[in-house]
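Take a look at the structure below.
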2 protein chains.
Amino acid sequence: MEPGNMHVTETCRPVTEILARIGDKWSILVVKCLADGPMRFNELRRGIGGISQRMLTLTLRGLERDGLVSRTVTPTVPPRVDYELTELGHSLQAAVRALGDWAIANRAAVEAARSRYDLALASASPPLRRTG
Amino acid sequence: MEPGNMHVTETCRPVTEILARIGDKWSILVVKCLADGPMRFNELRRGIGGISQRMLTLTLRGLERDGLVSRTVTPTVPPRVDYELTELGHSLQAAVRALGDWAIANRAAVEAARSRYDLALASASPPLRRTG
DNA sequence: CTGAATCCGGCTTGATACTG
DNA sequence: CAGTATCAAGCCGGATTCAG
């Protein structure tokens, strides 16, 4: 297996793995949200919108586990917990931006392709569709 | 909602969408596999390894629908179908590479963080864990 | 305020069998 | 070779409830 001829799976495993982490429904949103600075739990919750308490907790735990986010507890009477992007987290955010740029730049193209595909399908596949 | 203060969800929706497409279990592998040139169905299947016929079909359909992959049928006796990255697909592949580079560069750091986290958890959370 | 525990429905994935 | 159809299993995510 010389370089340049290695199996695709080899080259991709890391990508697939990181994608498995940030490819879920909320991680990216959380990371983006934290990009501007530390935030508290419910601040994040509101900032993201639509995320359940459970999923925010789960997402945060996963991110923390992988060293992307740090969690700071201030044991005041109403407990205060701040989440913040680690250096690793920030570097990831930067890498993700490339994907974001692509997404923004090509959003229209993708949607157009999608429409074309769906339309072509609709006028071809339905059983017994005739010209009349 | 002035720029610079727009809701995170706004900025991220495109990213989340593209992530929903390529964030599944196989899309990235397929795209990477096709990066080197056109491939036939079972070629891809072997090249990826571990993917079921069904999932390859589904993944390919999705990619084709979004204009990332083109499908060319040659109606010979054993049918021949070639899949190829479109220009759009290639551009995506380039964007994804940034993420891939990050993943490769920081793989160790992530795994280390993971181990640390799991270890810290193991020595703290189990009910009634004592020093003895 | 932050978070854990539980219950549950749905989507995604996979195994298998069948078709052209 | 390429693809579809069907069915079962598992994980994900959401709502709700309880706790420190």
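Naming: A, B, ... by sequence-line order, numbering from 1 per chain. Here the structure is a predicted model, which means the values were calculated and not measured. Side-chain atoms are counted along with the backbone in the values below, which use heavy atoms only and exclude waters and symmetry mates.
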Subject >> Between P of dA4(C) and CG of L58(A), the distance in whole Å >> reply: 9 Å
Identify each atom pair where a protein N or O and an N or O of nucleotides 6-12 of chain C are less than 3.5 Å apart, giving names and distance.
from, atom 1, to, atom 2, distance (Å)
dT6(C), O4, R54(A), NH1, 3.4

Subject >> In one Ile/Leu/Val/Met/Phe/Trp/Tyr side-chain cluster, 4.5 Å: L119(A), V110(A) >> reply: no
**OP:** Could you state the atom-to-atom distance from CZ of R80(A) to C1' of dT2(C) in whole Å?
**Re:** 13 Å
Original post:
How would you give the extent of chain A contacts on DNA chain D, as first and last nucleotide 5' to 3' within a 4.0 Å heavy-atom cut-off?
Top reply: dG13(D) to dG20(D)
Original post:
Rounded to the nearest 0.5 Å, how far does CD1 of I104(A) lie from CD1 of I18(B)?
Top reply: 12.0 Å
Original post:
In whole Å, what is the span from the OH atom of Y83(A) to the C1' atom of dT2(C)?
Top reply: 7 Å
Original post:
Taking atom CD of E43(B) as the centre, does the number of heavy atoms from other residues, nucleotides or ligands within less than 6.0 Å exceed 12?
Top reply: yes
Subject >> Whole-Å gap separating C1' (dC1(C)) and CG (L56(A)) >> reply: 13 Å
Original post:
Through what angle, rounded to 10 degrees, does the axis of the helix from dC1(C)-dG20(D) to dG20(C)-dC1(D) turn between its ends, using five pairs per end?
Top reply: 40°
**OP:** Take the protein atom CZ of R71(A) and the nucleotide atom P of dT2(C), then report the distance between them rounded to whole Å.
**Re:** 10 Å
Subject >> Salt bridge flag under 4.0 Å for residues R116(B) and D118(B) >> reply: no
Original post:
Between atom CH2 of W102(A) and atom CD of Q93(B), what is the distance when rounded to the nearest 0.5 Å?
Top reply: 11.5 Å
**OP:** Could you tell me the separation between the CG atom of D82(A) and the CZ atom of R71(A), rounded to the nearest 0.5 Å?
**Re:** 10.5 Å
Subject >> Distance (rounded to the nearest 0.5 Å) between C33(A) SG and W26(A) CH2 >> reply: 11.5 Å
Original post:
On DNA chain C, nearest-nucleotide positions of Q53(A) versus S52(B): which is more 5'?
Top reply: Q53(A)
Original post:
CG of L29(B) versus C1' of dT13(C): gap in Å, rounded?
Top reply: 15 Å
Subject >> Interatomic distance, S70(A) atom OG to E87(A) atom CD [nearest 0.5 angstrom] >> reply: 12.0 Å
Original post:
Counting only heavy atoms not in E17(B), do more than 12 sit closer than 6.0 Å to its CD atom?
Top reply: yes
Subject >> Protein-nucleotide distance (R46(A), atom CZ; dC1(C), atom P), rounded to Å >> reply: 7 Å
Original post:
Which sits closer to the 5' end of DNA chain D, G50(A) or V73(B), going by the nucleotide each is nearest to?
Top reply: V73(B)
Subject >> Rounded distance [0.5 Å steps], OG1 in T59(A) versus CD in E64(A) >> reply: 12.5 Å
Original post:
Base, sugar-phosphate, or nothing: which does R61(B) touch, judged by heavy atoms less than 4.0 Å apart?
Top reply: sugar-phosphate
Original post:
Would L19(A) and I28(B) satisfy side chain to side chain contact (heavy atoms under 4.5 Å, CB included), going step by step from the backbone distance to the final call?
Top reply: CA-CA 9 Å; L19(A) 232 48; I28(B) 288 291; 3.0 Å; yes
